[in-house]
Amino acid sequence: MNNKSPEQHARDRIDMLLQQSGWAVQDRNGINWSASAGIAVREYPTSEGPADYILFVDRKPVGVIEAKREEKGESLATVEDQSQGYRSAKLQYLDNAPLPFAYESNGEVTWFTDHLDPKPRSRREFSFHRPETFREWLKQPKSLRARLQELPPLDTTGLRDCQIKAIHNLETSFKSARPRALIQMATGSGKTFTAITFIYRLLKFADAKRILFLVDTKNLGEQAEQEFMAFEPTDDKRKFTELYTVQRLNSPYISPGSHVCISTIQRLYSILKDEDLDEQAEQENPNERWLPKEPLPVVYNEKIPPEFFDFIVIDECHRSIYNLWKQVLDYFDAFLVGLTATPDARTFGFFQENVVSEYTHEQAVIDGVNVGYDVYLIETKITKEGATVNAGEYIERREKMSRRKRWAMLDEDESYSATALDRDVVNPSQIRWIIRTFRDKLPEIFPHRREVPKTLIFAKTDSHAEDIIRMVREEFGEGNEFCKKITYQSKEVPKSVLAQFRNEYNPRIAVTVDMIATGTDVKPLECLLFMRDVKSRNYFEQMKGRGTRTLGEDDLRKVTPSAASGKTHFVIVDAVGVTKTLKTDSRPLERRPSASLKDLLGAVLMGARDEDLYTSLANRLIRLDRQLDEQERSEFRQEAGGKTASHIAAALLAAYDPDRIEEKAREMHTLPADRQPEAPQLAEAQEALIEAAGRVFSGPLNEYIENLRRVHEQLLDHLNLDELRHAGWDTSSGERGAGLIEGFREYIETYKDEVAAFRIFYEQPYQQRHWTYQMVKEILDHLKRHRPQLAPFRIYEAYAELDNIPKDQPKSELIALVAILRRELGLDARLDPWDEKVRRNFQDWAFRKQAGALKFTEEQMDWLRMIRDHIAASVSISEDDLDFAPFDAKGGRGKMWQLFEGQTTLVINELNKELVA
């Protein structure tokens, strides 16, 4: 019978925590200094009475623990005065100074205060710090939080304003000892560069021991590693990786000499659990897929104690800090810094609403850090309404995995909705109409382009992606290089195809499901074609973020030669209503009962072991087994090491079957029939059954099972032909256009007295106001420097929409700006394309001249047309221009003087006036 008091239960728990943290726990009358470098002495006498525990490192007292019974957990803060009293007291036999470290603990909840900090503040700990940690801390002249007070001013060279603000505010947060901080920065604004900059400062100036850069996919980890390798600090000629050791974790081993560790949260969880991790589990972000009632808790790991990292930087933190994964972060005694473009309410809550940087996409567009977007809608009948295939029709059915087809007659009508498209039903006509309309409307969406802009198509599934790829190649009349798939299931190496998409002319179009939906940079990307809907607001914003990156004219032309300028915006082509459907915040904290088979398999692979999971997965496997034929069952056994789906399901169910658990306990402990297993024996037997059932699953087997589930057929509907209902710009984009126009007006008002070209224009008599090439060029250069988001082509489109004229893009930014300036400053009542205006005015002028006494010769007309074309391209002409192309090839200034018999100046002045009227 257990007669221990609540206080003794708490002491036993504290003893266990101390021992696993490397302390030898001893009574004061039985001290043995050789037992360990760290000794925790119970009931040590002090001038204030006996302390519950005094901690010694290398025989020197360093800390105190005030122990309370478990039910006192909620009031541990009230006993800080007691621990403070023992900390400051004189220990028996010792003339000690106040001890630097103090704990209050009931064995379940532990609070710690480092009194070496500038403003000592208690913080909750997973367990007690190790003796060697205290030894190392005491060697430092100042504590980490004290060192953070002395960070030098930031060298802002090469940093954007938003990055400077984020780093400055973050370091202010560190100085205030705020344990968590959130950096919200728009996609493309340099979150990772910002993070590496402050990580460098923490290592160099705060002497941080080790920093964790946490991601949730292998792909993001590889990108982060590349950015660390490329980073060059402003105060040292060496690269980051020449100064500090960066280790991307791909095994359980963490080098003790690593300064920065890059890891997926999945791998870190497996390391803490002392379990192997299949790399397949790192391919996709976990995103709270399987939410068990009670996830297996993280337990103390002496190889990676809670104080192992000083700082943890969590990339894309909006999707990987909850539920199963939250306990990984709660384990560590570290500052937590979140990076995201799209936080939600939970993100703000997790980081205690300590938002040190809010830099939105809208602000990034205003600053020229990002580009904005327009929406082009494509709507077809079947996309909107679905269709019905009538009974008696012969239809094709196709296996999703092998793509084998067979013909069958329908026994009854089969209707399908839009949501069933490309999962249960494939209508080639629907896919064709979307791709064909996209192809045909490209001249409207991207005028004056000789090639298809770099386009990313979002598909529903890998099977859907395959259908899209073949349709794109067929409708565009192009080969395999033109359009490729970039998914984890691609036959080509996904990273290789992604590099081609970024840096080479082909592929022009890429199709993806999830792999580059988030977190992957493809700067030349100018078009996102959505052929799948998205319900999550955060996920949709992340997908849109693929198009926001800026790119200069020279770099864009390397992959898109006919681009007339740098990247000014991107276009969302919405073929499924994704921009119109209601979006929700990320998945709520409650467990969802309808987890997919893929999620269940992934959860087991990650080490989740609760009863709901095992039961759900067993039922899915039993259902799958009933659908398999003999050949498929044979293939399954080969993939699963000789086990069938039903055998695996039986093992999963047995793990929580009391009879099987008892049977296993008897077997393990060779118990006679008349003896019942004891509770520890039953627990040991159940653990063995649970581990044996879960050990079967691996990345390759999970992929095989998921594909096998999908192998069963889709209906191919060739009978219902689709039709286009609507294709055109989203009318709501007019609001963005109005914002651009208002921004341009504000720009003119702000700089009309500063920019010489504006002053010259306004000083001219109203009837004589005109623009010269030099004036427009000066404004264009100034506009790019001071309002880069006001790209002339985008403003032109906004005015074209306002004035209801075609959005045909002018041949250059310069002549686009001429038309805009004339429209805005009152020279034209509505937007008038400049080159068309010049040609029209020339035609009227020449007709009037020819109708009078003056008749131009054909050679004179050739020269006049060259002058017309020069004004159309360069706003105006001077006699000096006659010395350059194309005039010099025809004899230049001298030839014109000869042709026009000394009237050259008069003709040029008249054309400069008449053609721009």
Side-chain angles (χ1 to χ4, degrees), residues 443 446-451 553-554 556-558 560-566 757 760-761 770-781 784 792-793 796 808-822 827-828 832-852 854-917:
F446 290 92
H448 307 302
R449 289 292 181 87
R450 292 190 298 273
E451 65 276 298
E553 183 175 334
D554 291 342
L556 182 56
R557 283 182 173 171
K558 289 176 183 176
T560 304
S562 66
S565 67
I760 294 169
F761 177 83
H770 69 281
W771 296 100
T772 66
Y773 172 84
Q774 288 77 14
M775 291 167 67
V776 179
K777 186 68 169 62
E778 181 189 3
I779 293 172
L780 179 61
D781 292 342
K784 286 183 174 181
F793 287 144
Y796 186 93
D808 296 337
Q809 195 176 83
K811 291 184 175 63
S812 73
E813 290 182 301
L814 189 108
I815 61 175
L817 186 56
V818 175
I820 296 164
L821 289 167
R822 291 180 61 87
L827 297 181
D828 293 328
D832 196 353
W834 174 248
D835 51 349
E836 294 179 18
K837 180 185 187 71
V838 169
R839 287 177 175 277
R840 192 170 61 246
N841 288 347
F842 177 79
Q843 187 175 358
D844 293 343
W845 176 81
F847 181 79
R848 291 198 308 271
K849 290 293 185 182
Q850 297 285 54
L854 178 63
K855 306 290 183 184
F856 291 123
T857 66
E858 189 57 37
E859 189 173 12
Q860 286 176 320
M861 284 301 298
D862 286 342
W863 273 79
L864 292 172
R865 291 188 190 99
M866 285 195 294
I867 293 173
R868 173 203 66 191
D869 292 344
H870 184 88
I871 293 174
S874 302
V875 188
S876 63
I877 190 169
S878 68
E879 286 190 45
D880 290 341
D881 292 324
L882 300 176
D883 295 330
F884 303 98
F887 306 103
D888 58 344
K890 301 284 187 178
R893 191 188 317 215
K895 182 64 176 178
M896 183 163 180
W897 274 89
Q898 178 187 336
L899 282 174
F900 288 90
E901 300 176 350
Q903 300 297 306
T904 295
T905 303
L906 181 64
V907 169
I908 285 176
N909 289 340
E910 188 171 347
L911 287 173
N912 273 328
K913 178 181 178 182
E914 293 290 338
L915 268 56
V916 303

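For clarity, every value in this text was computed on a predicted model and none was experimentally measured. Just so you know, residue 1 is the first one in the sequence shown, and it goes up from there.
Considering D883, D888, D881 in turn, D883 is the only one that fulfils the side-chain hydrogen bond (donor to acceptor under 3.5 Å, both in side chains) rule with R893.
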Practice problem: Please step through salt bridge (charged side-chain N to carboxylate O under 4.0 Å, His left out) for the pair D781 and K777, ending with a clear verdict. | Solution: CA-CA 6 Å; D781 292 342; K777 186 68 169 62; 3.0 Å; yes
Quiz prompt | side chain to side chain contact (heavy atoms under 4.5 Å, CB included) assessment of D869 paired with R839 | solution = CA-CA 8 Å; D869 292 344; R839 287 177 175 277; 3.5 Å; yes
Quiz item: Run the side chain to side chain contact (heavy atoms under 4.5 Å, CB included) check on E813 and L817 step by step: do they pass?
Solution: CA-CA 6 Å; E813 290 182 301; L817 186 56; over 6 Å; no
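The residues D862 and R865 are annotated as salt-bridged, a charged nitrogen and a carboxylate oxygen being separated by less than 4.0 angstrom. D844 has no carboxylate O lying under 4.0 Å from a charged side-chain N of R848, or vice versa, which leaves the two without a salt bridge. Between R840 and E836, no side-chain nitrogen of the basic residue sits less than 4.0 Å from a carboxylate oxygen of the acidic one, so the salt-bridge criterion is not met. A salt bridge does not link R868 to E914: none of the charged side-chain nitrogens sits closer than 4.0 Å to a carboxylate oxygen. Remark: K890 does not engage E859 in a salt bridge, criterion side-chain N to carboxylate O under 4.0 Å.
For the residue pair R449 and A563, the shortest heavy atom distance occurs at NE-CA, 3.7 Å. Heavy atoms only, all atoms of each residue included: I815 and A872 are closest at CG2-O, 3.1 Å. For the pair Y796 and P833, the tightest heavy-atom approach, listed with the atom from each and the gap, is OH-CG, 3.2 Å. Here the closest heavy-atom approach between residue P886 and residue M866 is recorded as CG-SD, 4.0 Å. Across I877 and N912, no two heavy atoms sit closer than the pair O-ND2, 2.7 Å. Closest approach of A846 and M861 over heavy atoms only: CB-CE, 4.4 Å.
Judged as a ring-ring contact (aromatic ring centres under 6.0 Å, His included), and not counting sequence neighbours, F884 has no contacts.
In this structure, the separation between CZ on F856 and CD on Q850 is 6.5 Å, given to the nearest 0.5 Å. Remark: I820 CD1 to D832 CG distance equals 13.0 Å, nearest 0.5 Å. Between atom CG of residue L821 and atom CH2 of residue W834 there is a gap of 10.5 Å, rounded to the nearest 0.5 Å. Note that the OG atom of S876 and the CD1 atom of I867 stand 12.0 Å from one another [nearest 0.5 Å]. In this structure, NZ in K895 is found 11.0 Å from CZ in F900, a value given to the nearest 0.5 Å.
Shown here is Q843, whose CD atom has no more than 12 heavy atoms of other residues, nucleotides or ligands within 6.0 Å.
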Show me, pair by pair, the donor-acceptor contacts under 3.5 angstrom made by side chains of residues 904-911, not counting sequence neighbours?
from : atom 1 : to   : atom 2 : distance (Å)
T904 : OG1    : M896 : O      : 3.4
T904 : OG1    : W897 : N      : 3.4
T905 : OG1    : E879 : OE2    : 2.4
N909 : ND2    : T905 : O      : 3.4
E910 : OE2    : W845 : NE1    : 2.8
E910 : OE2    : K849 : NZ     : 3.0

